[in-house]
Protein chains: 2
Amino acid sequence: MTRAMGVVGGKWKPILIFTIGAKRVRFGQLAHTVNLISRKVLTEQLKELEEDGIVIREAFAELPPRVEYRLSAHGLGLLPILEQLCQWNSARPPAVGAP
Amino acid sequence: MTRAMGVVGGKWKPILIFTIGAKRVRFGQLAHTVNLISRKVLTEQLKELEEDGIVIREAFAELPPRVEYRLSAHGLGLLPILEQLCQWNSARPPAVGAP
DNA sequence: CTGTATCCTGTTAGATACTG
DNA sequence: CAGTATCTAACAGGATACAG
């Protein structure tokens, strides 16, 4: 459990997983879509997701360079769970101290 | 999404939610079952979970004092999702750099 | 028994500039 | 275009002692 949270628990990881979804997405697209993340952090999180077998990184030896990210089969299995988490959250009652 | 992760994303929150489950659990039971958490952090996390409407805190004016925690209806809705996350994690492939 | 109050540390992420 | 390097700030969490 703790480990599962570590895998998806970074500040940006769930957002990145959603953004990649079932598509192939380039580094620049991610940086643009998730426009508040710094490139340094984006690189770090993607590297961790790759090490955890969630995303697959594919680099093309072109000019200009192109790198595509996509979810692995294991990573795709996460999508419906995160969607449920989203739905659960949107149905949540207002916070106690909310204005 | 970011908000949902904030709600369940603490280091101990998912574990606490699981530990409470469908029961009423006393503070000391939680501290004992999750025996690596400090009381300070336990108090903090429970307070946040309470503010987010996940757990309900009930204090009894007895000696010695007794405080029971249980999941709200909203909190109970989280259990199956966390269970799925657990199952997903236990089916995960070995890490790339694993020994 | 159930917390608070301090103090301290490691981790995480953001800003900025530079590279192949 | 897709990163790295470096520095800094903020925060979460732990150790310990004390309180109602």
Side-chain angles (χ1 to χ4, degrees), chain A residues 1-20 23-52 54-71 96-97, chain B residues 1-20 23-52 54-70 95-97:
Chain A
M1 180 75 253
T2 306
R3 192 161 202 170
M5 290 308 298
V7 168
V8 295
K11 174 169 176 182
W12 297 104
K13 281 179 185 173
I15 294 169
L16 291 176
I17 292 167
F18 263 136
T19 305
I20 298 176
K23 309 182 298 296
R24 293 167 153 268
V25 184
R26 297 183 57 170
F27 182 88
Q29 285 180 269
L30 284 171
H32 178 253
T33 307
V34 189
N35 61 55
L36 288 178
I37 196 174
S38 71
R39 275 178 314 207
K40 178 204 140 203
V41 173
L42 178 54
T43 304
E44 283 170 0
Q45 306 278 291
L46 285 171
K47 196 170 293 180
E48 287 177 23
L49 287 171
E50 192 192 357
E51 282 162 5
D52 286 327
I54 316 282
V55 310
I56 295 170
R57 178 186 185 274
E58 198 168 357
F60 299 86
E62 306 171 350
L63 279 184
R66 173 166 57 110
V67 177
E68 286 182 353
Y69 294 88
R70 62 198 153 93
L71 294 182
V96 171
Chain B
M1 180 75 252
T2 305
R3 191 160 204 172
M5 290 310 297
V7 167
V8 294
K11 175 170 177 180
W12 299 102
K13 282 180 185 174
I15 294 170
L16 291 177
I17 293 168
F18 263 135
T19 305
I20 298 176
K23 309 182 298 296
R24 293 167 153 268
V25 184
R26 296 184 57 169
F27 183 87
Q29 285 180 269
L30 284 171
H32 178 253
T33 306
V34 190
N35 62 54
L36 289 178
I37 194 173
S38 70
R39 276 180 313 224
K40 178 206 140 199
V41 173
L42 178 55
T43 305
E44 284 170 358
Q45 306 278 291
L46 285 171
K47 197 171 292 180
E48 287 177 22
L49 287 171
E50 192 192 357
E51 281 162 5
D52 286 326
I54 316 281
V55 311
I56 295 169
R57 178 185 186 275
E58 196 167 359
F60 299 86
E62 304 172 351
L63 278 183
R66 172 165 59 109
V67 177
E68 286 181 353
Y69 294 89
R70 61 196 153 94
V96 171

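In the text below, chain A, chain B and the rest are named by the order of the sequence lines, each starting its count at 1.
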Separation of atom CD in B:E44 from atom P in C:dT6, rounded to whole Å: 14 Å
Nearest-angstrom distance from the residue atom CE of A:M5 to P of D:dA12: 15 Å
Selected nucleotide, minimal atom distance to A:V67 side chain, candidates D:dG3, D:dG13, C:dG3: D:dG3
Distance-only donor-acceptor test, B:K40 side-chain atoms vs C:dG3 base atoms, 3.5 Å: no
Distance, rounded to the nearest Å, where B:L36 contributes CG and D:dG13 contributes C1': 13 Å
Distance below 4.0 Å between B:R26 side-chain N/O and C:dT2 OP1 or OP2: yes
side-chain contact (heavy atoms from CB on, under 4.5 Å) between B:L46 and B:R57, intermediate numbers included: CA-CA 9 Å; B:L46 285 171; B:R57 178 185 186 275; over 6 Å; no
Touch class at under 4.0 angstrom, heavy-atom based, for B:Q45 against every strand present: sugar-phosphate
Pairing of A:E68 and A:R66 as salt bridge, 4.0 angstrom limit: yes
Residues A:R39, A:F27; criterion side-chain contact (heavy atoms from CB on, under 4.5 Å); working and verdict: CA-CA 9 Å; A:R39 275 178 314 207; A:F27 182 88; 3.9 Å; yes
Closest non-hydrogen atom pair, A:L71 against A:I17: CD1-O, 3.9 Å
For atom OH of B:Y69 and atom P of C:dT2, their distance in whole Å: 9 Å
Short side-chain N/O contact from A:K47 to OP1 or OP2 of D:dT4, under 4.0 Å: yes
Sugar-phosphate, base or nothing in reach of A:F60, heavy atoms under 4.0 Å: nothing
Atom-pair distance (CG on B:L42; P on D:dA12), nearest Å: 17 Å
Closest heavy-atom pair and its distance - B:G10, B:Q45: CA-OE1, 4.0 Å
Given DNA chain D, 5'-ward residue of the pair A:G28 and B:W12, judged by closest heavy atom: A:G28
Phosphate-side-chain proximity, A:R57 and D:dG3, N/O vs OP1/OP2 below 4.0 Å: yes
Whole-Å gap separating P (D:dC1) and CD (A:Q29): 11 Å
Atom-to-atom span, CZ of A:R39 to P of D:dC1 - whole angstrom: 10 Å
Atom-to-atom span, CZ of B:F27 to P of D:dG20 - whole angstrom: 17 Å
